[in-house]
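Worksheet: one structure, shown below.
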Amino acid sequence: MSGNYTNPETIVLHGGSYRSDPATTAVAVPIYQTTAFQFNSTEHAANLFALAELGNIYTRIMNPTCDALEQRVAAMEGGMAALALSSGQAASAFSIQNLAQAGDNIVSSTDLYGGSWNLFANTLKLMGIETRFVDPSDPENFRRATDDKTRAYYAETLPNPKLDVFPIKEVSDIGREYGVPLIMDNTACPILCKPLEHGAAIVMYSTTKYIGGHGTSIGGMLVDGGNFDWTAKPERQPLLNQPDPSYHGAVWGTLIPEALGAPIAYIIRARVVLLRDLGSCMSPFNAYNFIQGLETLPLRMRQHCSNAQIVADYLKGHAAVDKVIYAGFKEGESGRRAKTYLKGGFGALVGFELKGGKEAGQKFIDSLKMFYHVANLGDARSLAIHPASTTHSQLSAEDLAATGVTEGYVRLSIGIEHPDDILADISQALDAAG
Ligand code: PLP
């Protein structure tokens, strides 16, 4: 580390060991666009492969540009180490595959991004890993679904469309009783929430969203909090406690030298086993792009949040709007969770239901001039989508309601433009939608 900083604004610029390029003294992190790294000798090469010495081997497994990004994101989260991946989807798949094998199960919140839902309900199922989906409004549902084969809990901090903040501490406390780690997808609220501080063991990101912000690159990240004892209940985590035949019998939970100061067997295995075997590495060029985004993330999140608050307040008072879904407007237990887990703002996702239903929702989207009509979120630009006619169009009215999407629901991802321009575009589109 170039400094032991605690403020996110400083960490995103100076976190991690990178200070300047050792070869040229360049201040900006260079794009090390190379596939391979030269070994000093056969002994050096053998040591690297045996993990007796740490160093660069091959960009599928590690790369100095990715390393600079990984260290900064780990520092930002208060974690010990991170792993950059080719997409958020790869990060969620790895997060589970690193602990669960055929015959095992995980317990996941029902409030999930559709891509994660498909991955868990269908693709991981084909691999023999069962996902038990539970309603997160009652944390005890996680305990009820747990059995001897449960390897992980999984949830999103600020899941859309419902925007009910997840009970991180409550569920991670239950998991810790059983030796089950909580993996949190924090994609929608970096900076605002640090799940590791509330007991989560692993944080997952689609860096494609706010961390990049520029909308140029697809990427993902896993952060190991170094706060979970993977060996305390060895039978609970066999992949980290039994000899790994693919790595001459290494036991990941005990192999890691004490000198590293924290249990990070999880992230080591994800890198040297899953990345080695499945690929899905982040390209150095994309890592460079994400570093550019990360450097202004705290500033952007402030603007995203204050703009979203302005939009939510405006929509709440508009005659054409039936209901506004925004973490800052939640009441009761959901409101308490939003205030407990989100600091500095309630995120930049705002949903609303138009009185005119599906037709009005579509008309609204078609009338937007500045907002982009895309399936993405977390871009610096403002984005909008009408789920009932796009992402959720295959669902029955009943299933739509279960996911929290109504026919007239519109999802906005509020950008960092001037709030007057955002409101002007929304206002004229609402007029057009009648
Ligand atoms: N998690 C969440 C909350 C997302 O919104 C997304 C993408 O929309 C993903 C994961 C998947 O990320 P990616 O598109 O980078 O694969």
Side-chain angles (χ1 to χ4, degrees), residues 66 69 73 77 82-97 106 108-124 131 133 136 152 154-166 168 182-193 195 200 202-223 278-283 285-287 289-290 293-294 301 304 327 341-342 347-351 372-381 383-385 387 390-392 403-405 411-415:
C66 298
L69 174 68
V73 174
E77 290 301 319
L83 180 65
L85 293 155
S86 57
S87 66
Q89 281 301 109
S92 21
F94 271 36
S95 77
I96 304 303
Q97 288 171 309
I106 63 162
S108 169
S109 164
T110 43
D111 295 355
L112 279 190
Y113 163 61
S116 312
W117 181 284
N118 264 331
L119 168 69
F120 293 174
N122 300 307
T123 301
L124 289 185
T131 301
F133 291 102
Y154 189 98
E156 289 178 26
T157 311
L158 180 61
N160 77 83
K162 288 185 190 160
L163 302 177
D164 285 319
V165 172
F166 185 78
I168 305 174
L182 173 63
I183 301 166
M184 287 304 305
D185 179 342
N186 204 44
T187 299
C189 47
I191 302 294
L192 311 178
C193 180
I202 303 296
V203 175
M204 174 263 154
Y205 276 110
S206 163
T207 53
T208 314
K209 312 293 179 333
Y210 293 100
I211 290 182
H214 31 54
T216 63
S217 313
I218 300 277
M221 186 74 68
L222 289 176
V223 181
L278 300 175
S280 323
C281 55
M282 183 183 282
S283 87
F285 183 75
N286 280 359
N289 287 339
F290 289 126
L294 188 71
M301 289 312 288
H304 276 296
Y341 293 114
L342 300 181
L349 297 176
V350 181
Y372 282 88
H373 179 202
V374 293
N376 195 16
L377 59 86
D379 197 304
R381 289 157 278 258
L383 316 172
I385 195 154
T390 55
T391 49
H392 292 58
T403 61
V405 172
R411 186 190 78 194
L412 304 177
S413 170
I414 303 298

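Just follow the structure's listing: the first ligand is 1, and inside any ligand the first atom is 1. For clarity, every value in this text was computed on a predicted model and none was experimentally measured.
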With a 3.5 Å distance limit and no angle check, can you tell me whether H304 reaches the backbone of A380 through a side-chain donor-acceptor pair? no
Is there a donor-acceptor contact under 3.5 Å from the side chain of S86 to the main chain of M282? no
Please report the interatomic distance CG(L383) to CG(L349), rounded to the nearest 0.5 Å. 9.5 Å
Is a donor on one side and an acceptor on the other found under 3.5 Å between the side chain of S413 and the backbone of G378? yes
Qualifying residues under salt bridge (Lys or Arg N to Asp or Glu O under 4.0 Å), relative to K209, sequence neighbours excluded: none
In a simple table, one pair per line, please give the protein and ligand 1 atom names for every N or O pair closer than 3.5 Å, along with the distance.
residue: ligand 1; atom: 1 (N); partner: D185; partner atom: OD2; Å: 2.7
residue: ligand 1; atom: 8 (O); partner: K209; partner atom: NZ; Å: 2.8
residue: ligand 1; atom: 12 (O); partner: S206; partner atom: OG; Å: 3.1
residue: ligand 1; atom: 15 (O); partner: G88; partner atom: N; Å: 2.9
residue: ligand 1; atom: 15 (O); partner: S206; partner atom: OG; Å: 2.8
residue: ligand 1; atom: 15 (O); partner: T208; partner atom: OG1; Å: 2.6
residue: ligand 1; atom: 16 (O); partner: G88; partner atom: N; Å: 3.1
residue: ligand 1; atom: 16 (O); partner: Q89; partner atom: N; Å: 2.9

Quick one about T187 and D185 (side-chain donor to acceptor, distance below 3.5 Å, no hydrogens or angles considered), yes or no? yes
